[in-house]
Amino acid sequence: MSETFVLPVGPQHPALKEPTSFRFKVDGEYIVDADLRLGYNHRGMEKGCEARTYVQDIYLLERVCGICSNAHMTCFAQGVERLMGIEPPPRGVFIRCLMGELERIHSHLLWLGVAGHEIGFDTFFMYTWRDREVVMDLLEMVSGNRVNYGMQTFGGVRRDLDGMQIKTLLEGIAALKARTPYYLNLGATEPTMVARIAGVGKLPREKAIELTAAGPTTRASGVDFDVRKDDPYAGFGDLIPFTIVTDNGCDVLARVVVRAKEMMASYDIMEFILRNLPAGEVRTKAPRKVPEGETVSRVEAQRGELIHYIRANGTDKPDRVKVRAPTLANWPSTLYMLRGAYLADIPIIMAAIDPCLSCTDRMAVISDVRGGEKVWDWETLRQYGIEFHRRRGIRP
Amino acid sequence: MSLRLGAMLPEVFRHLFKRPATVLYPFEKNTVPARLRGRPVMDPDKCIGCRMCERDCPAEAIEVTQESETRTDDGKVKRRFSMVVYVDRCAHCGQCEEICPAKPDKAIKLNEFFEEAAFDRGALKIVYK
């Protein structure tokens, strides 16, 4: 008879880059059952949005995540634009899509490196991160900064492209386009790497649909779901042609392949954008007050489908902003993948969904059942945070 | 695709003859991009005192105060404003520069300075008079 015991991992653990807590029921090296507890990372951003104006919110929401900052900004901007009833001009739409794809490249290269690092292949990590600098330099040239580009705004984008920049962008994309097949070949043919990732973290197609997996995780299970196709936004749909990459491998190897091929698809999108950039303005004037109404805005971020819900009450501040990050959609399938896996495969299975807890986590207020619901406003929350740190001897 | 042992090796050997990809910061520095959003700098001579930057700043890092009010000989009121920028709070989004309506030249601009680390928080409170 086998004996099982529960192994807690997290909320603070050397293998976790961000705080989350797992309970693994293990039988020797096998994981029999996995459970997850969320709610260790709270930043009060959704509440903070309600206390700020729309213009301030767009920069606050950009800082939800450092990797997919542009996706959050785009998602919020296009939702508010819909409420305002304004449309960005064609040139603005094209540059908006270009930023999204540039960000996808940087994120996927970063992820490839992290995946290499998690399986102990640090040479791979060094190479991908070195090449990632090419796209970082392009982002820096276009927007001014390496992270938090601040490019999107209500009614378009904040900065235009000139001829010189378009030339540099095309050169950079060509360099990356020549480089990416190498990673694809390496990921799919290098025996040590394949041995480590093939057949690990199996997620069958039906399970991916049933557990609402998102982004490359679901596409690596053969589901061709992509917000750019299913709910076209910005220029996707009719203006900008693109291909959806899927793979039927259903394992971590398939997720590497999907991401590498997705980068190749993104290069084509960007080349199309830069060669067919319409002339004209990049933004239209947006009002400061937003008419009453509510909307759901969706964007295909690098990690999957990102949803922003915005409710406006006719003032210059939103009534409610809700962010549903792709990682939250991917947790149920991760737990499924972990069940039956080896203990040593935990890091790579978790890394394969490209988790981002700063996007995902929310605070849970657990109060007395008899006390009813607790509603905190921004100021109470802020004071609570200051007091929390003061008690631990940290000067706010 | 068939497995290939040592697929990595040609690339590894090629790197023996390449220069390092990294720069020895802070002894060597890369040039900053022309569009960099660095530290906000205010020019009191150009400020018209509309407080748009103060209102829009997502980090509440800007404070605008009126310094003086003088009446010129032809009856026009001339006001002078000062500004405090808390650089430790600044998110470097550039909204202040974007919204500034002063003409012909904007009164607040982001320069190319990015090395903001300091031992004293007080040094990051910058007053423009």
Side-chain angles (χ1 to χ4, degrees), chain A residues 48-49 52-63 73 121 123-124 126-127 129-134 137-151 153 158-160 162 164-165 179 182-195 198 253 257 283 288 316 395, chain B residues 1-16 18-23 25 30-40 51-62 88-101 109-114 116 120-122:
Chain A
C49 282
R52 287 171 173 77
T53 62
Y54 286 97
V55 180
Q56 294 173 320
D57 283 347
I58 194 163
Y59 300 110
L60 176 66
L61 286 168
E62 184 185 18
R63 281 154 183 83
M73 221 178 180
F121 197 174
T123 320
F124 192 67
M126 295 283 182
Y127 286 176
W129 280 42
R130 182 199 59 197
D131 291 339
R132 179 173 166 263
E133 285 306 307
V134 176
D137 285 345
L138 295 179
L139 281 164
E140 196 179 43
M141 177 192 71
V142 174
S143 72
N145 290 35
R146 278 167 64 91
V147 276
N148 296 336
Y149 320 111
M151 278 292 278
T153 190
R158 291 171 71 204
R159 284 160 183 227
D160 199 359
D162 60 29
M164 202 53 210
Q165 287 173 329
R179 191 76 194 145
Y182 172 72
Y183 296 123
L184 183 57
N185 285 334
L186 206 60
T189 61
E190 222 283 323
T192 49
M193 188 145 174
V194 172
L253 176 63
V257 170
R283 64 190 286 187
R288 290 193 77 87
D316 61 349
R395 193 169 62 97
Chain B
M1 274 184 266
S2 62
L3 296 188
R4 216 149 44 92
L5 199 67
M8 197 88 190
L9 288 177
E11 183 79 19
V12 173
F13 284 125
R14 217 170 299 142
H15 276 77
L16 288 173
K18 276 193 178 173
R19 284 181 43 168
T22 47
V23 175
Y25 182 83
N30 282 336
T31 48
V32 294
R35 289 179 165 188
L36 180 84
R37 303 188 303 271
R39 179 182 277 191
R51 292 170 203 274
M52 291 286 269
C53 48
E54 189 180 337
R55 193 175 70 174
D56 263 5
C57 180
E60 296 169 7
I62 297 174
D88 53 341
R89 275 190 236 156
C90 177
H92 303 277
C93 63
Q95 179 65 25
C96 47
E97 183 181 337
E98 191 184 301
I99 202 78
C100 182
K109 277 182 184 168
L110 268 58
N111 66 8
E112 296 197 335
F113 184 74
F114 65 95
E116 295 284 14
D120 178 22
R121 202 175 177 178

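Convention: sequence-line order gives letters A, B, ...; per-chain numbering from 1. Worth saying up front: this structure is predicted, and the values here are computed from it rather than measured.
No part of Val32(B) comes within reach of chain A, as not one of its non-hydrogen atoms sits under 4.5 angstrom from that chain. Contacts between Leu110(B) and chain A at a heavy-atom distance below 4.5 Å are absent for every atom of the residue. When heavy atoms are compared at a cutoff of 4.5 Å, Tyr183(A) does not approach chain B at all. Using a 4.5 Å cut-off between heavy atoms, Tyr127(A) contacts chain B through its side chain alone, with no backbone atom that close. With a threshold of 4.5 angstrom between heavy atoms, Glu98(B) approaches chain A through side-chain atoms but not through N, CA, C or O.
Counting heavy-atom pairs under 4.5 Å between each of Cys57(B), Gly38(B), Ala21(B) and chain A puts Cys57(B) at the top. Counting heavy-atom pairs closer than 4.5 Å to chain B, the top-ranked of the candidates Thr53(A), Thr153(A), Val142(A) is Val142(A). For the set Arg159(A), Glu62(A), Arg52(A), the count of heavy-atom pairs under 4.5 angstrom toward chain B peaks at Arg159(A). Taking His92(B), Arg37(B), Gln95(B), Arg55(B) one by one and counting their heavy-atom pairs under 4.5 Å with chain A, the maximum is reached by Arg37(B).
With sequence neighbours left out, Gln165(A) forms a side-chain hydrogen bond (donor to acceptor under 3.5 Å, both in side chains) with Arg35(B). A search for side-chain hydrogen bond (donor to acceptor under 3.5 Å, both in side chains) contacts involving Glu133(A) returns Arg146(A), not counting sequence neighbours.
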Step by step, work out the side-chain contact (heavy atoms from CB on, under 4.5 Å) result for Val257(A) and Leu184(A). CA-CA 6 Å; Val257(A) 170; Leu184(A) 183 57; 4.1 Å; yes

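Within the model, atoms CG of Asn30(B) and OH of Tyr25(B) stand 10.5 Å from one another, a figure rounded to the nearest 0.5 Å. With rounding to the nearest 0.5 Å, the separation of CZ in Phe121(A) from CG in Leu186(A) is 5.0 Å.
No donor-acceptor distance shorter than 3.5 angstrom exists from the side chain of Glu97(B) to the backbone of Gly94(B), with no hydrogens or angles considered.
When each of Cys96(B), Pro101(B), Pro40(B) is paired with Cys53(B), the side chain to side chain contact (heavy atoms under 4.5 Å, CB included) condition holds for Cys96(B) and for no other.
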